[in-house]
Protein chains: 2
Amino acid sequence: MQNSQSSSKRFLDIIGELQSLISEQKIEYGDRLPSERHLAEKLQVSRTAVREALRSMELLGLIETRRGEGTFLSDFKKHQLVEVLSTFIMQQARSIQDVVETRMIHERAAITTITENEEFRMLPVWVGMQSKLIDGESVFLREDMVRETIVATENRLSLKIWFLLKQYSGVSFDVAIEAVEEIAIVHELLDEMMAGNTEKALICYEKWMNQVEGERREME
Amino acid sequence: MQNSQSSSKRFLDIIGELQSLISEQKIEYGDRLPSERHLAEKLQVSRTAVREALRSMELLGLIETRRGEGTFLSDFKKHQLVEVLSTFIMQQARSIQDVVETRMIHERAAITTITENEEFRMLPVWVGMQSKLIDGESVFLREDMVRETIVATENRLSLKIWFLLKQYSGVSFDVAIEAVEEIAIVHELLDEMMAGNTEKALICYEKWMNQVEGERREME
DNA sequence: TATGCAGGGTGGTCAGACCACTCTGCTGAA
DNA sequence: TTCAGCAGAGTGGTCTGACCACCCTGCATA
């Protein structure tokens, strides 16, 4: 229990013990963990040390704490990891250009994935979007279009990253697709996607983004 | 300063304030942060609270602490994070799959960018890698190949994200390219890249990754 | 001049206290 | 009997002050 081997950090040990505890007692997502005081006693350390370990895990989104109630094992899907890291990464990102380019990497990848997979191509979403685009009744945002594309690929991590990049890229995505030309481009993009023409779909996408980018420059 | 708005967690606020401090005072990687006691006084919170925030950041590998010396801002290369998270993530097959797929998104994008841009294609790195590959004298790791590709695109953000994903994807990338078949594939990949054949280059890449993945499965 | 020691600063850990909050079960009034 | 309301126990959130182990530096001594 002592730090005989020096190097190992106490709070890391505690995290390890918590992991064992969780698997031993078969604690599942949503279940409650023993209270901080009980854990401290059980692991023979102070409550302070337990808390440091728990806070670390909380930052990662591995657990969730509710005052007055307790500590709960939470679903990994809600991990804050990506958010936290993004702040630091963004600080280092030289230019906004990198952010935009990286965002587009994820968008192109999503389009490609869908176009090259018949199951994804046949999803009813695409047709639904096209009619929404045309009828002009409901509002249809740019980011709706892109988001749905990434959602369809079922890659949650990519979606998460995209969402963050979107916020940093300074492009106005929460804008309705209204202009006739823009509707035409997006409509065609959907057509090509459903037809499975990866190259053409990507060309449409590029055309669309160029237009959006041009718009942004005018704003300045 | 009080938790007037309730919801926000104290230690998250502190992490935020630390981030501000770091950017304001232009603390760079390797530099020392103010001591825990000073931070506590500066932020008007207890040392306990500061420590909880610092331990969280340490788990993420954002900082490094050395007893008797201080706390240092570090590059996220050494994160215990990976081990901790992997234990939790690995149980969710979907998650690890997302990580791998997202990593490959960045890799494919880099290959495409280079192949489609003459300036990048003509870089001397590629030929240099090929000879390194053949002469067999110097060690040439898998991750060297991929990393150089992304480095060449000059997108630092993508590189940073890739770096993180690499470590979570559970693929052995720090392995030398030695097998005859593997050398052949990578060599061909470089050929196609330099020739500007995007499609063929991507096919080579896919072949390579399939092989690597197959290897990983055998290990289990 | 060179050695060695003491002191101050740092992170690491702990015990104990209080606060704010949630839940539960008991009590007393309708 | 029923139900509203309150008290208490349990939980996380925060703080204080203390001590330890360790590192560095500068001063005093050999």
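What you are looking at is a predicted structure, and each value in this text was computed from that prediction instead of being measured. We name chains A, B, ... by the order of the sequence lines, and we start the count at 1 in each one.
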Any ion pair linking B:R37 and B:E41 (charged N to carboxylate O, less than 4.0 Å)? no
Taken to the nearest whole Å, CD1/B:I14 to C1'/D:dC15 is 12 Å
For a quick check of understanding: with a heavy-atom distance under 4.0 Å over all strands, which category does A:T48 fall into, base, sugar-phosphate or nothing? base
Among D:dG13, C:dC14, C:dG11, which nucleotide sits nearest the side chain of A:S46? C:dC14
Separation between CD of A:E182 and CH2 of A:W208, rounded to the nearest 0.5 Å: 6.5 Å
Bend angle of the helix from C:dT1-D:dA30 to C:dA30-D:dT1, end axes from five pairs each (to 10°): 20°
Around atom CZ of A:F163, are there more than 12 heavy atoms from other residues, nucleotides or ligands closer than 6.0 Å? no
Distance check needed: D:dT16 C1' versus B:E52 CD, whole Å only. 14 Å
Do NZ/NE/NH1/NH2 and the carboxylate oxygens of B:R108 and B:E101 come within less than 4.0 Å? yes
Does this structure show an ion pair linking A:R55 with A:E58, if we count only N-O contacts that are shorter than 4.0 Å? yes
Measure the distance from CD on A:Q44 to P on C:dG12 and round it to the nearest whole Å. 21 Å
Please state how far atom CZ in A:R51 lies from atom C1' in C:dC14, giving the value in whole angstrom units. 15 Å
Rounded to whole Å, CD of B:E41 lies from P of D:dC15 at a distance of 14 Å
Nearest-Å distance for atom pair CG/P, residues B:L39 and C:dG12: 13 Å
Measure the distance from CE on A:M57 to C1' on D:dG12 and round it to the nearest whole Å. 16 Å
Side chain proximity check, B:L189 to B:M145, heavy atoms < 4.5 angstrom: yes
Nearest-Å distance, CD1 (A:I63) to C1' (D:dT11)? 14 Å
Side-chain N,O (A:R47) to OP1/OP2 (C:dC14) below 4.0 Å: no
Would you compute the distance between atom NE2 of A:H106 and atom CD1 of B:I161 and round it to the nearest 0.5 angstrom? 5.0 Å
Where do N or O atoms of nucleotides 6-10 of chain C meet protein N or O atoms at under 3.5 Å, pair by pair?
from   : atom 1 : to    : atom 2 : distance (Å)
C:dG9  : N2     : B:G68 : O      : 3.3
C:dT10 : O2     : B:G68 : N      : 3.4

Electrostatic pair A:E64:A:R66 at N-O distance under 4.0 angstrom: yes
Rounded distance (nearest 0.5 Å) linking atom CG of B:L157 with atom CD1 of B:I150: 11.5 Å
